[in-house]
Number of protein chains: 2
Amino acid sequence: MTKKTNTELIAKEIEEKILNLEYKPGQIITECEISNKYNISRTPCRDIFQKLKSIGLIDSIPFKSNFISLLDFDIIKQSIFMRTTLEKEVIKNFVQIATPKDLIDLEYNLQLQNLLIKDQFNPEEFYKLDCEFHKIWFNTTNNLFIWEQIDKAQAQYKRFRMLDIVEVQNFEAIVEDHKLLISFIKNKDLVNIENHITSHLNSGIKRLQAKISSELSLYFK
Amino acid sequence: MTKKTNTELIAKEIEEKILNLEYKPGQIITECEISNKYNISRTPCRDIFQKLKSIGLIDSIPFKSNFISLLDFDIIKQSIFMRTTLEKEVIKNFVQIATPKDLIDLEYNLQLQNLLIKDQFNPEEFYKLDCEFHKIWFNTTNNLFIWEQIDKAQAQYKRFRMLDIVEVQNFEAIVEDHKLLISFIKNKDLVNIENHITSHLNSGIKRLQAKISSELSLYFK
DNA sequence: CAGTGGTCTAGACCACCGA
DNA sequence: CGGTGGTCTAGACCACTGG
């Protein structure tokens, strides 16, 4: 059992509500509101806001108000580019040194994804599986630190992903992508892997682009 | 003039002392010591420690003590790999779109580096110039967010760099590297750029490796 | 002016370590 | 048991916004 303080739990809860889009981008969130709601004083409340600001989920207008940060298409593009570039390089390495166990782990994760989309679909659960899937190559190539950095850089992108999943209902396409990727990895087909990673990580943009300037525009900068 | 609170200034000061190696890796640093020294209470002190922990410059043994984090060779290798990979990709882009102004800026920065090593050498000033130099391609390719992420990931690496500069006195080699790089960029010589970036960013490891297991070993994990 | 954030003090209580 | 960190409360004062 992981040890968590009350404040950490609350921070996590709020973070998840932001990532879920339960708190909408642009929505104002006050310290007062949180400290009343969870019955805590300002010090822990401040810690929470500080943390969420540091990962870019909350922005503030000094001396006025805090609000859920708007999505920034430019930052999302950069984080996708960053991730694509790193992941391609890491996976190149991975195919050279992947053990049978790694391949089995990938397949296993894929089966779980299949199960999830057939059974009771749950965006958060799916997102978690997807992360675990990609994490495998960072782990075996001994690049977990890089994975952590990517993860930290992706607070913006996560909300975008969630929009993608819930708005476009694309989970089947994602699973299909993963399936293809595994086959390329097994064949050590570097060229296809590179192309596939690029298109896989960029597919969200393609799917969502149309909606960004219309119905979702108020969530963006 | 930038507006800074007292606490932020203190945090910055301590951060710099850590990066300078004025606070040695492994050295114990207590909240008590800081709050007395700067005459502040525990809340701001805690903020400072929290910040430094979050960027990996301070580690703690729970309920016992905080100490300046040890350098971790594995993390340093990963952050160099991360940076090399991203920077190669960005610079490929840069050579396609660089304006004359960009090239002049690079040259200008190089001249300042030259001046610095001939005149009064100052490691921190040199480090800053070096950052500005590399930042140029991230800026014009519209990838400043990525540069920020790299910077954040490099708290460990920065101390390593400082060791490199002060222990090995390598500044002339670095300036020479930069000079070569500019010429490759002007010629849009992609192959040489890639190789050069890789060797440039990895040169610190080569230079320091011998000392890591001997005289500097107590700074490492 | 009230409301909010920004910063800080003073002090409390608990968990854990090591002498 | 004393020292340290880990967490939190209560409340203070200031800076700034906007009605």
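Proteins get letters first, then strands, A, B, ... in listed order; numbering begins at 1 in each.
- The NZ-C1' distance, from B/K64 to C/dC14, rounds to 19 Å in whole Å.
- Of all nucleotides listed (D/dC8, C/dC8, D/dG6), D/dG6 comes nearest to the side chain of B/E31.
- One can place CD of A/E8 at 8 Å from P of D/dC8, the figure rounded to the nearest angstrom.
- To the nearest angstrom, C1' of D/dT7 lies 13 Å from CG of A/L9.
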Please produce a list of atom pairs where a protein N or O lies less than 3.5 Å from an N or O of nucleotides 11-13 of chain C.
from, atom 1, to, atom 2, distance (Å)
C/dA12, N6, B/R42, NH1, 3.4

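- Note: CG (B/N66) to P (C/dC16) measures 17 Å, nearest angstrom.
- Rounded to a whole Å, the CD1 atom of B/I28 is 12 Å from the C1' atom of D/dG5.
- Considering only side-chain atoms of B/F63, the nucleotide from C/dG18, C/dG6, D/dG5 that sits closest is D/dG5.
- Relative to the side chain of A/S41, the nucleotides D/dG6, D/dG18, D/dT9 differ in distance, and D/dT9 lies closest.
- Rounded to whole Å, atom C1' of C/dC8 lies 11 Å from atom CD1 of B/I10.
- Put simply, CD on B/E33 is 16 Å from P on D/dG3, counting in whole angstrom units.
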Under 3.5 Å, which donor-acceptor pairs do the side chains of residues 201-208 of chain A form with other protein atoms, sequence neighbours left out?
from, atom 1, to, atom 2, distance (Å)
A/N202, ND2, A/T198, O, 2.7
A/S203, OG, A/H200, O, 2.7
A/S203, OG, A/R207, NH1, 3.4
A/S203, OG, A/R207, NH2, 3.2
A/R207, NE, A/D164, OD1, 3.1
A/R207, NE, A/D164, OD2, 3.3
A/R207, NH2, A/D164, OD2, 2.8

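- Using a 4.0 Å heavy-atom cutoff across all strands shown, A/I29 reaches sugar-phosphate atoms only and no base atom.
- For residues 55-69 of chain A, the set of pairs meeting the side-chain hydrogen bond (donor to acceptor under 3.5 Å, both in side chains) definition, not counting sequence neighbours, comprises A/S69-A/R159.
- Here B/S65 does not reach the OP1 or OP2 of C/dC17: none of its side-chain N or O atoms lies under 4.0 Å away.
- With no hydrogens or angles considered, no side-chain donor-acceptor pair links B/E89 and B/N93 at under 3.5 Å.
- When the side-chain nitrogen and oxygen atoms of A/N6 are compared with OP1 and OP2 of D/dT7, none of them lie within a distance under 4.0 Å.
- Looking at heavy-atom distances under 4.0 Å, B/I40 makes contact with sugar-phosphate atoms alone, never a base.
- Remark: A/P44 engages A/T7, A/I40, A/S41 in a side-chain contact (heavy atoms from CB on, under 4.5 Å) (not counting sequence neighbours).
- Between A/M82 and A/A153, the shortest heavy-atom distance links the atoms CE-CB, 4.0 Å.
- DNA chain C is contacted by no residue of residues 45-57 of chain B, taking any non-hydrogen atom closer than 4.0 Å.
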Under 3.5 Å donor-acceptor pairs involving side-chain atoms of residues 25-35 of chain B, not counting sequence neighbours:
from, atom 1, to, atom 2, distance (Å)
B/Q27, OE1, B/K24, N, 2.8
B/T30, OG1, B/E33, N, 3.0
B/E31, OE1, B/R42, NE, 3.2
B/E31, OE1, B/R42, NH2, 3.2
B/E33, OE1, B/T30, N, 3.2
B/S35, OG, B/E31, O, 3.1
B/S35, OG, B/C32, O, 3.1

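- Remark: B/D151 pairs with B/K158 by the side-chain contact (heavy atoms from CB on, under 4.5 Å) rule, at least two apart or across chains.
- Among the nucleotides D/dT17, D/dC8, C/dC8, the one closest to the side chain of A/P44 is D/dC8.
- For B/D105, the side-chain contact (heavy atoms from CB on, under 4.5 Å) partners are B/K101, B/I136, not counting sequence neighbours.
- For the side-chain contact (heavy atoms from CB on, under 4.5 Å) test, residues two or more places apart in sequence or in another chain that qualify with B/T140 are B/F94, B/D102.
- Rounding to whole angstrom units, CD1 of residue B/I58 and P of D/dT4 are separated by 15 Å.
- Under 3.5 Å, the side chains of A/H178 and A/D130 contain a donor-acceptor pair of N or O atoms.
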